[in-house]
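Naming: A, B, ... by sequence-line order, numbering from 1 per chain. Heavy-atom basis, side chains included; hydrogens, waters and symmetry copies ignored.
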There are 2 protein chains.
Amino acid sequence: MTVTLKDVAERAGVSRSAVSRTFTPGASVSAKTRSKVEQAAAELGYAPSALASGLSTGRTKLIGLVSNNFRNPIFLEVFDLFTRAIQDRGLRPLLVNLSEDTDPEAAIRMLRQYSVDAVIVASSTLSPAFAANCKAAGLPVVHAFGRATRRPEVPVVGIDNVEAGRMAARALLARGYRDIGFLGGPAGATTTQDRLAGFRQELARHPGCRLRESFASTYSHDAGAAEMSRLIDSGPLAEAYFCGDDVIAIGALGVLRKAGREVPGDVGLIGFNDMEAASWDLVTLTTIRQPLDEIIAVSVGQAIALSEQPETPVTQTLLPLTLIERGTLRPGM
Amino acid sequence: MTVTLKDVAERAGVSRSAVSRTFTPGASVSAKTRSKVEQAAAELGYAPSALASGLSTGRTKLIGLVSNNFRNPIFLEVFDLFTRAIQDRGLRPLLVNLSEDTDPEAAIRMLRQYSVDAVIVASSTLSPAFAANCKAAGLPVVHAFGRATRRPEVPVVGIDNVEAGRMAARALLARGYRDIGFLGGPAGATTTQDRLAGFRQELARHPGCRLRESFASTYSHDAGAAEMSRLIDSGPLAEAYFCGDDVIAIGALGVLRKAGREVPGDVGLIGFNDMEAASWDLVTLTTIRQPLDEIIAVSVGQAIALSEQPETPVTQTLLPLTLIERGTLRPGM
DNA sequence: GGGCGAATTGCAACCGGTTCCTAAACCGGT
DNA sequence: ACCGGTTTAGGAACCGGTTGCAATTCGCCC
């Protein structure tokens, strides 16, 4: 059933090497042989085996795309962009779903077994140790949406979460809010910690401000709703909240409306991510957008560079955020 | 850097075949050699190359997962379930994003090059010709979310869209709606056509009913919003609408609220899919759920069966729908 | 027509496993 | 100690490509 190099060679009346070379860009083949081979290949419907060529060249054109985030709608867009970017470069994504119950070591082992050219870890919640382990196992790796650190072990592409916190704080202050809440994601997440740090930093520069801190148990709608319910039940609210994610903000928004509070009339809300639903008429959430397309383009570019040139120095790329103003904060002053 | 069979063999003082056999379940190896080999393998950190073994056995444990739907949030859950189901069976998903500008033939060629064990097409909007072409190219294929037809060319797993239409109609009728609207997805989509057919069928059994038909240009929030705006502008609305998808329904809902119409007070709305946002407090959309988990479990099961036993007769599996009652239809009578 | 360097070509070894086949080791029984 | 029947082990060919190397062919000039 499958047509091999040998079949084409016989049909074209040339050696196997000649066939191989016609399909290897930059190899030395005369125009005559090339056309004979191409014709034979076309007639037979020949497609070179990526497995075999991967085996002998050591490059498989496979990119391991690892994520543990299959709940936040923003990641559908992330996967869309990643798969396209990877495909456009002539590579293919081998997807790894690293959910709670899967063993990270097993995942690394399997990425090695398939000898992927590089690994892209796409997650802000996955421990940096995972990427580091990939690297230790000899896999070129880049961590997209990873945390910026002083001395990163692997290349990181993402945003500056501390700056994100500052940016949110500035947005709230500029709109005259003074009694301000932080409604973060899980308290243990580094994204939460970093954003909180920036948030505090900026508020600290405005003496008259009050800051209250609270955390949703996960990055999810329901956790956001639950935490806002708790806040409502436990006394007067802040004037505005910076939420750790749009889904959290939307959960909070739903609860506020249900409780008869006007947003932004009574309470202001600003989210993070600019997921599609943030722009829905039912939502119109003011939020901070991270440049997904750029993060992904850079990540893929680096992954490829790294696979070709493994000893490239480790870099860190932090891309700029944008405030997207919609309807959940009162107008600026 | 990479440890091979040979290295392990030398270290263990046995032949390469012996090593291969210890890693091949069911092969004949004495306990003594096995333990020698296992120890040597562990010491060296040996992981057998999936490429090489795929090359010689003809099975790669790779499943091509093809989709063109990277916009509808429901598909994030689809990908989550698929990747887990595939991984749990010891296989890995090779993801193919078949968006508008990618060539389906190229995709098939590449799936052949990597000699995937089977292909799963996950899309309700992709032409059945694609799956048929896979099959013609010798790739075992199953079409998840595909259309039920009289004589399917490839195995299909999904739902009965005609029945979905009937179900929606029955739900509306049972709640006393008589002037009823169909707000489908793209008029050309088979899902739209089938659901409309079922919808008409059921309404036809109730003489006093009026049916109005309209279509959103795509399966998206904005298209739903746009179409509902048009309806509002062009005269009195129906009492309730069956929308082709939750995102369309949510778009419509947003426009209705903005126009000051109460839902379900003035207008009823029922969606399709039960995406996560349908359950948000801001939305509480009554909708019809398709059993994603079952569809996916069956699809993966069939794909594997097919890869092991290519001549299995072509079957069609249609799974049952569930009405999820929330807050956008008035209570039943 | 002969000679020269450059471009092509084919051979053969190799990538890392799998598996058929034969030979060797093993077993219990006499 | 010997025999016949099982296991088990190793050799070698094969999966489908790639590539270094030596041999051949080519184009061109004298």
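The CD1 atom of A:Ile120 sits 11.5 Å away from the SG atom of A:Cys134 when rounded to the nearest 0.5 Å.
A:Arg11 has a carboxylate O that lies under 4.0 Å from a charged side-chain N of A:Glu43, or vice versa, which qualifies the two as a salt bridge.
Between the two ends of the helix from C:dG1-D:dC30 to C:dT30-D:dA1, each summarised by a five-pair axis, the helix axis turns through 40° (rounded to 10 degrees).
Counting to the nearest Å, the P atom of D:dA13 and the CG atom of B:Leu5 are 18 Å from each other. Atom CG of A:Leu51 is separated from atom P of D:dT18 by 12 Å (rounded to the nearest Å). Taking atom CG of B:Leu55 as the reference point, atom P of D:dT18 lies 12 Å away to the nearest angstrom.
Comparing B:Ala52 and B:Arg34 by the nucleotide of DNA chain D whose heavy atom lies nearest to each, the residue mapping closer to the 5' end is B:Arg34.
Within residues 8-33 of chain B, the residues approached by DNA chain C to less than 4.0 Å at the level of any non-hydrogen atom are B:Arg16, B:Ser17, B:Ser20, B:Arg21, in residue-number order.
The side chain to side chain donor-acceptor pair (under 3.5 Å) test applied to B:Gln290 returns B:Asn273, not counting sequence neighbours. Remark: B:Ser30 pairs with B:Thr33 by the side chain to side chain donor-acceptor pair (under 3.5 Å) rule, at least two apart or across chains. In this structure, the side chain to side chain donor-acceptor pair (under 3.5 Å) partners of A:Glu105, at least two apart in sequence or on a different chain, are A:Asn133.
The neighbour count for B:Gln39 CD, taken as heavy atoms of other residues, nucleotides or ligands under 6.0 Å away, does not exceed 12. Other residues, nucleotides and ligands contribute over 12 non-hydrogen atoms within 6.0 Å of the CZ atom of B:Arg84.
Aromatic ring centres of B:Phe75 and B:Phe145 lie closer together than 6.0 Å.
A donor-acceptor contact shorter than 3.5 Å is absent between the side chain of A:His143 and the backbone of A:Ser299.
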- Message: One pair to check against side-chain contact (heavy atoms from CB on, under 4.5 Å): A:Leu95 and B:Leu65. What are the steps and the verdict?
- Response: CA-CA 10 Å; A:Leu95 191 55; B:Leu65 182 55; 5.6 Å; no
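Note that the first and last nucleotides of DNA chain C, 5' to 3', having any atom under 4.0 angstrom from a heavy atom of chain A are C:dT8 to C:dG16.
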